[in-house]
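Okay, so here's the structure we're looking at.
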Amino acid sequence: MKTAILIPGMPTKEEYFNPANAAPSNAHWFAWLQIQLLVKGILTQAIEMPEPYEPVYEKWCSVFEQFKIDEKTILVGHSCGAGFLVRWLSETQKKVGKVALVAPWLDPEKMLKNGMFDFEIDGNLASKTESIHLFYSTDDDEQEIVTANLLKEKVPGLLVSEFTDKGHFCLSDLKTEEFPELRDWLLQ
């Protein structure tokens with residue numbers, strides 16, 4: 001059975017604890033994508049990471065690795081969640097299904113002081129996946145553009161979809177909870 005794991009990014013502490021906001025796993029396009037995959041028979045979980053406003057790699061791994069992850073597992077990460085997937089894939093020997101990196105962030109300015117992104121990108125990353133696809137927009141913040149360019153340079157075989165009008169792929173940028181380009185690639 002195909003499965004999918006969706007990993008949201010890093011909200012601010014204020015966003016996270018604001019009861020008026022959706023939980024990160026239900027924000028932006030996550031709930032919509034989860035339904036789109038479920039109706040196609042792909043068991044999908046959008047997961048909450050511990051203290052996402054202060055991400056710690058080992059804590060995120062402890063939650064992520066509770067799931068069965070194999071060649072039939074689709075992985076989708078947004079922002080810091082995509083950065084987490086790049087590190088996890090760089091450090092694992094497991095082979096997985098499709099991987100989508102949406103507006104990935106690898107903290108190029110070293111804002112996090114806890115080692116979340118202290119690792120080397122595995123140049124053979126694509127060989128551990130069925131296919132790996134970068135979705136980014138040129139009107140995103142500079143750190144995400146730097147991250148996208150780094151991934152394009154370091155990961156041969158990386159598929160790339162470049163947009164000019166989707167910002168950080170958040171609801172406020174997209175003006176919709178739908179992300180058909182991502183859904184369509186995952187389902188092809």
Side-chain angles (χ1 to χ4, degrees), residues 1-11 15-53 55 59-89 92 94-105 125-126 128-137 140 144 151 158-163 165-188:
M1 166 190 281
K2 271 195 175 180
T3 61
I5 301 172
L6 315 180
I7 304 175
M10 184 178 83
E15 290 169 331
Y16 185 76
F17 286 109
N18 183 341
N21 291 340
S25 63
N26 288 308
H28 314 301
W29 39 266
F30 280 92
W32 176 84
L33 181 62
Q34 185 171 8
I35 291 167
Q36 298 296 306
L37 298 178
L38 286 170
V39 299
K40 295 297 185 180
I42 301 170
L43 182 60
T44 305
Q45 292 294 318
I47 60 176
E48 294 294 331
M49 290 302 200
E51 300 168 336
Y53 47 87
K59 288 181 180 180
W60 283 33
C61 275
S62 71
V63 171
F64 179 68
E65 291 177 346
Q66 291 178 32
F67 292 86
K68 179 182 176 189
I69 303 166
D70 61 23
E71 293 178 5
K72 294 181 181 176
T73 307
I74 295 167
L75 300 175
V76 177
H78 176 240
S79 191
C80 186
F84 167 81
L85 287 177
V86 172
R87 178 171 179 180
W88 186 84
L89 286 164
T92 190
K94 288 190 177 202
K95 185 153 171 69
V96 300
K98 288 185 174 182
V99 176
L101 306 172
V102 180
W105 180 69
L125 202 68
K128 297 177 183 180
T129 71
E130 177 185 326
S131 184
I132 186 167
H133 198 134
L134 165 66
F135 294 83
Y136 82 103
S137 188
D140 201 345
E144 283 76 10
L151 291 170
L158 179 70
L159 302 172
V160 178
S161 288
E162 178 183 286
F163 299 90
D165 60 350
K166 297 199 183 300
H168 197 55
F169 295 84
C170 294
L171 182 58
S172 60
D173 296 321
L174 297 174
K175 308 292 188 242
T176 178
E177 293 178 346
E178 297 182 5
F179 190 173
E181 298 89 348
L182 174 59
R183 176 205 54 206
D184 294 349
W185 178 74
L186 291 172
L187 293 176
Q188 62 176 296

Nearest 0.5 Å please: distance from the [atom1] atom of [X] over to the [atom2] atom of [Y].
| X | Y | atom1 | atom2 | value |
| --- | --- | --- | --- | --- |
| Leu187 | Ile74 | CG | CD1 | 7.0 Å |
| Asp165 | Ser137 | CG | OG | 6.0 Å |
| Leu151 | Leu101 | CG | CG | 6.5 Å |

Once you measure the plane-to-plane angle for Tyr53 and Phe17, does it fall in the parallel (<30°), tilted (30-60°) or perpendicular (>60°) bin?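 Rings of Tyr53 and Phe17: tilted, as their planes differ by 30° to 60°.
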Determine yes or no for a side-chain-to-main-chain donor-acceptor pair under 3.5 angstrom, with His133 supplying the side chain and Leu186 the backbone.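 Between the backbone of Leu186 and the side chain of His133 there is no qualifying donor-acceptor contact (under 3.5 Å).
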Quick check against the 3.5 Å criterion: does Trp29 have a side-chain atom that pairs as donor or acceptor with the backbone of Cys170? no
Tell me, please, which residues at least two apart from [X] pass side chain to side chain donor-acceptor pair (under 3.5 Å).
| X | result |
| --- | --- |
| Trp105 | Gln143 |
| Lys128 | Asp122 |
| Trp88 | Glu65 |

Per the salt bridge (charged side-chain N to carboxylate O under 4.0 Å, His left out) rule, what does the pair list look like for residues 69-82, sequence neighbours excluded? Lys68-Asp70
Summary of salt bridge (charged side-chain N to carboxylate O under 4.0 Å, His left out) pairs that have at least one residue in residues 170-188, sequence neighbours excluded: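 Applying salt bridge (charged side-chain N to carboxylate O under 4.0 Å, His left out) to every pair that reaches into residues 170-188, excluding sequence neighbours, yields Lys166-Glu181.
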Phe169 and Phe179: aromatic ring centres closer than 6.0 Å? yes
What side-chain donor-acceptor pairs closer than 3.5 Å can you find for residues 37-44, not counting sequence neighbours?
{"from": "Thr44", "atom 1": "OG1", "to": "Ile42", "atom 2": "O", "distance (Å)": "2.8"}

Is there a side-chain contact between Glu144 and Ser79 in this structure, where contact means two heavy atoms from C-beta onward sitting under 4.5 Å apart? yes
